[in-house]
Amino acid sequence: MHSFKIRSFIGLLATTFSVAEAAVGLCSKADSVERDVVVIGGGAAGAHAAVWLRDHGKTVALVEKQDTLGGHTAVYHDPATGTPINVGVQAWMEYKDTFDFVTRMGVSTNGSMHFASLTSQYVDFQTGKLVDGYAAPSEDAKFAALQVYLDACEKYEGMLLPGFFNFPEPEQIPEDLLMPFGQFVEKYDIAAAVPQLWQSTVQGVGNFMEVPTMYIMQASPAPMVRALLGKGAAAVPPSGNLHELYERIGDFLGDDVQYSSQAVASTRTEDDGVTVTVQSSVGDNNANNCTIHAKRLLIAIEPTVANMAPFELEESEREVFAKLGYTTVYAGIVRHPALKVGTSYGNTLPAAAPANYTVYPLPAQVGRFDYLDMTSDMFSFTAVGTDADTPASMRALIGQTIAGMVSTGVAAAEPTGETEEVEFTAFADHGMMHSRVSAAELRGGFIQEQLGLQGRRSTWYTGAAFTSAFSTVLWEYNNMLLPDVIKGI
Ligand SMILES: *[C@@H]1O[C@H](CO)[C@@H](O)[C@H](O)[C@H]1NC(C)=O
Ligand SMILES: *[C@@H]1O[C@H](CO)[C@@H](O)[C@H](O)[C@H]1NC(C)=O
Ligand SMILES: *[C@@H]1O[C@H](CO)[C@@H](O)[C@H](O)[C@H]1NC(C)=O
């Protein structure tokens, strides 16, 4: 068992920071195009699906809102050294044969993940004060508890990963999956595992101790825990830059991608395919808009009711998506002269001292600031908002959090005589994440209703709302789903 001082995996996501003059693609060629499948969203799920479809002899159009593919996999290059810093996804968790996809795109998975050795400070971010007497679980206690959690994840793995293909009927769902995670932690006596799960991903779920355990097993799934325990790989390319994969995918797909564009309207039929009108945010007025006719539509964005507006949901479809609750997740890089090089600041409730591992801050909250040791003065951050938070409200909260630590001296301000502003070197808005419903909805057959949407009106769904938000799990989900999507075309 190796001791795995892991940076947060949260951030499993991201948008781009460098907005170069955007390539647009598909619609610059024609006002109207025909394809077998139109894919909406070029994150880990949509980009993989487009390659899979091409590899299976189908024509595709991929519509991506940003000027690059990769979604929550983004990279920032330190200008001083050129070192790539992943913002969002930090590694690919070994899962079945999904590294084959990375290899197929000409990218190697044999790099090593970088681990910084940092001094931990446990700070109440509400007040900026150190939480006196707090002690993290011992490594032994943590790994033992993670193993117990992993055993349970593996017991139910076939029901949850890579999607809900084998999910039980409502009356047969195991109580372990429905109970609030706090109750599960007590039942299995695994409190010592929770700080690591919180740091890795589950802080993104918000009030995760109250959430049905199956959604925790999606947010911190078996492949991630196997990697934490040294029983599975957490892979990166030799360059360390995970976004490299999406650059290769972009090259491969070429003009089948329409960048910097979003669907604005559509018609969806049962027997006669779909039409999607796409509008670009760059270029001369109408030059980069077009209409895509396709036999199938694959939605690979988060299916919030707002995101689905262009797809003119029927009431029965809208009802399903309206039940999903979300938190908003942010990741990025900040600089501030008061943050101490070599330090990791973690948001900790005073009630957690000396050793209560069941209490955590609720959104909106900043999770942590971790010094990036490949830079001279940059810190990664994670932050989680409610579904009402915005990038602006979260930037303000991050500024207040640092100001609080300056006022108490926990972060030692340089005596500049003026209050320094926080500099956002990179800010990734991962948007709505960790979709979930209550145990009552699950008992009422929610998963079956959700799965019942697949294939209706020529429309199919991939992405985190239908599985877990880990790249490799999404790829395996596609491997299982896409044969049905192309049946008969
Ligand atoms: C890593 O992969 C690259 C490219 O696939 C290869 O050239 C190199 O030999 C590999 N290194 C190891 C240690 O396997
Ligand atoms: C094309 O897109 C632009 C925005 O980029 C918009 O102003 C214009 O109305 C669109 N035209 C059509 C025909 O949809
Ligand atoms: C942890 O703190 C919570 C909230 O203060 C409390 O309800 C719970 O009993 C505490 N647990 C332990 C083990 O101290």
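Just so you know, ligand 1 is whichever comes first in the structure, and atom 1 is the first atom listed for that ligand.
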Counting only pairs under 3.5 Å, give me each side-chain donor-acceptor contact of residues 144-153, with atom names and distances, residues two or more places apart or in other chains.
from, atom 1, to, atom 2, distance (Å)
Gln147, OE1, Lys231, NZ, 2.5
Gln147, NE2, Asp151, OD1, 2.9
Tyr149, OH, Ile216, O, 3.3
Tyr149, OH, Ser220, O, 2.8

Please work out which of Gly182, Ala351, Ala355 has its closest non-hydrogen atom nearest to atom 5 (O) of ligand 3. Ala351
Do me a favour and list the nearest non-hydrogen protein atom to atom 4 (C) of ligand 3 with residue, atom name and distance? Val359 CG1, 3.7 Å
the protein heavy atom lying closest to atom 10 (C) of ligand 3 turns out to be Asn356 ND2, 2.4 Å
Any non-hydrogen side-chain atom of Phe470 less than 4.5 Å from a side-chain atom of Tyr95? no
Side chain to side chain contact (heavy atoms under 4.5 Å, CB included) test vs Leu161 passes for just one of Lys96, Glu476, Gln218, namely Gln218
Using residues 401-410 as the side-chain source, report each donor-acceptor pair under 3.5 Å to any protein atom, sequence neighbours left out, with the distance given to one decimal.
from, atom 1, to, atom 2, distance (Å)
Thr401, OG1, Leu397, O, 2.7
Ser407, OG, Gly404, O, 2.7
Thr408, OG1, Gly128, O, 2.5
Thr408, OG1, Gly404, O, 3.4
Thr408, OG1, Met405, O, 3.2
Thr408, OG1, Val410, N, 3.4

